[in-house]
Each structure stands twice: as C-alpha cells, then as structure tokens.
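Take a look at the structure below.
Counting begins at 1 with the first residue of the sequence.
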Amino acid sequence: MSEHDGHVGAWRWAQNFDCAWYDATLDAGHWFSLTDVLPSKAAMLLCGLNPNEGGGTRTARQVTSKEIEPMDLQRLTDSFKDRRGSNPPPHSLLDWADFARDNGLKHHSWVRQYIEARRDCFGPEVGDAVQSTPLGAMVESPEPNSLIETAEKRQARRYAACIAAGLHMPKDDYAHLPRGVGKIAKDEGVTRQAFAEDLKAHIRRLGRPKSRITEKR
C-alpha cells in the first residue's frame with residue numbers, strides 16, 4: 001500500500017468516526033432522515049445541540065463554544081422562522097443547512113463534515129448544501145494529530161459500533177450490557193471486559209448534564 005493510499009484510508013476512517021460520533025451525540029441520522037424539522041430545532045442542530053436532550057432552548061442560548069456563540073443561535077432561529085413564514089413546510093435539516101450557507105449564517109462545522117461523509121446516502125445533489133473541502137486538500141495536508149485516537153474517542157467509537165449493530169444500550173453503567181457486545185469486542189481484537197469498560201465509561205459521560213456537543217478534538 002502506497003503512502004497516499006494510507007493517507008486516504010486514514011482520512012476515510014476519520015470520516016466514518018465523525019459520522020458515528022455525531023450519530024451518538026446528536027442523533028444526526030435521525031434528524032437528517034426527517035422530511036420536516038422545526039426552525040427552532042434546526043437552529044439548535046446547526047449549533048451542535050441536540051433538541052431532544054435536556055436543557056431546552058433556555059440552556060441552549062447560553063452555549064458558547066470555539067465555533068458558536070449564543071447570538072449565532074438566535075440569528076439562525078429568527079431567520080429560519082422568517083423563512084418558514086414565507087415558504088411553507090416541509091423543510092428538512094438539509095434544506096436548513098442549504099439556507100444557512102446561502103445566507104451567510106454562521107453555524108457549526110459538524111454539518112459539513114457529516115454531509116460530506118454521507119454523500120452516498122444523501123446523493124450527489126447535496127454537493128451545494130454545504131461548503132466542502134476537496135479530497136486532495138484533506139489528504140495532502142492532514143491536521144496534525146487529528147487521527148490519533150484518544151481514550152475518549154475510542155470509547156465513543158466502540159459505543160457507536162454497538163448502536164450501529166442494533167444493540168439496545170443501557171442509560172446508566174449499572175445496567176447489564178446487551179448480548180452481542182462480546183462479538184463486537186472480538187471483532188475489535190480486545191477482551192469483552194476491556195470493551196465493556198470502555199462502553200461504561202462512555203455511558204457515564206453521556207449521563208452527565210451537557211448543553212452542547214462534546215468536542216472531539
């Protein structure tokens with residue numbers, strides 16, 4: 001395998017991890033599957049917030065991250081509501097992302113990353129919904145240390161693998177893990193015990209109160 005193929009493989013691994021991460025933390029697959037998403041919920045999602053997790057809009061408006069400030073959420077919400085008033089629904093999350101881009105509304109980069117990684121699901125017509133980075137640029141100039149898997153990343157990835165396998169994961173780390181965990185651990189090349197410890201660590205993390213998406217890097 002050439003060095004270039006190795007970079008491409010690592011880049012695609014990173015893309016798959018991004019999808020699994022956002023599916024686990026934002027339930028991204030669910031939201032993108034809906035034909036109509038309310039303006040307030042779409043605005044929260046484009047700011048890296050899951051509307052179905054505790055806190056609601058009041059807590060969401062207090063969020064500040066490296067990419068998003070409370071005013072960004074307010075502008076998105078106001079603009080989306082205004083558009084919905086003049087353009088009848090349905091409006092999918094992809095529609096809202098397209099609208100935000102076209103109108104220069106600041107939003108979280110996770111949307112671009114997710115759509116780019118799932119182009120095979122959304123279809124080639126989504127190319128203009130977000131600003132994309134050429135594959136060549138990503139392969140030739142990878143972000144330093146961006147592909148190093150930390151313990152937290154590993155735990156999230158293994159949890160996401162269980163979700164992808166259709167396993168019903170418990171809400172707290174005291175409950176028994178479902179059958180099927182052992183097989184996934186075997187596929188990972190680790191013992192069930194080590195795999196289970198990672199899952200429980202991630203479950204504990206999910207149970208902590210949070211108002212915004214957990215930073216991956």
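Here the side chains of P170 and H176 are not in contact, with every heavy-atom distance at 4.5 Å or above. Residues I184 and L167 meet the side-chain proximity criterion, which asks for heavy atoms closer than 4.5 Å. Side-chain contact check for M44 versus P51: some heavy-atom pair is nearer than 4.5 Å.
Remark: Q155 CD to E152 CD distance equals 7.0 Å, nearest 0.5 Å. With rounding to the nearest 0.5 Å, the separation of CG in L34 from CG in L93 is 8.5 Å. Distance check, rounded to the nearest 0.5 Å: NZ of K200 to CE of M169 gives 8.5 Å. With values rounded to the nearest 0.5 angstrom, D98 atom CG is found 9.5 Å from N103 atom CG. Atoms CG and CD1, from D27 and I163 in turn, are 9.5 Å apart once rounded to the nearest 0.5 Å.
Between the side chain of D72 and the backbone N or O of E69, at least one donor-acceptor pair lies under 3.5 Å. Using modelled atom types, one side-chain atom of D172 and one backbone atom of Y174 make a donor-acceptor pair closer than 3.5 Å. Judged by distance alone, with hydrogens and angles left aside, the side-chain atoms of S79 form no donor-acceptor pair with the main-chain N or O of L76 at under 3.5 Å. Between the D23 side chain and the G29 main chain, a donor and an acceptor come within less than 3.5 Å of each other. Listed for the K106 side chain is a donor-acceptor partner under 3.5 Å among the backbone atoms of E67. Of the possible polar contacts, none joining the W31 side chain to the L45 backbone as a donor-acceptor pair under 3.5 Å is found.
Taken together through direct or relayed side-chain contacts under 4.5 Å among Ile, Leu, Val, Met, Phe, Trp and Tyr, L49 and L38 form parts of separate hydrophobic clusters.
Applying the salt bridge (charged side-chain N to carboxylate O under 4.0 Å, His left out) rule to pairs touching residues 184-197 yields R157-E188, R158-E188, K183-D187, sequence neighbours excluded.
Heavy-atom minimum distance, T77 versus A43: OG1-CB, 3.3 Å. Here the shortest heavy-atom pairing between W96 and V37 reads NE1-O, 2.9 Å. When all heavy atoms of H91 and N87 are compared, the pair lying nearest together is NE2-O, 2.7 Å. Heavy atoms only, all atoms of each residue included: V181 and F195 are closest at CG1-CD2, 3.6 Å. Closest approach of T191 and A185 over heavy atoms only: O-CB, 4.0 Å. Here the shortest heavy-atom pairing between A100 and L46 reads CB-CD2, 3.8 Å.
Relative ring orientation between Y22 and W110 is described as tilted, the plane-to-plane angle lying within the 30° to 60° band.
S92 and D95 share a side-chain donor-acceptor pair at under 3.5 Å.
No salt bridge links D78 with R75; every basic N to acidic carboxylate O contact stays at or beyond 4.0 Å.
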Item to complete: Evaluate the criterion side-chain contact (heavy atoms from CB on, under 4.5 Å) for residue pair D36 and R84; output intermediate values, then yes/no.
Response: CA-CA 11 Å; D36 188 42; R84 194 176 182 90; 2.8 Å; yes

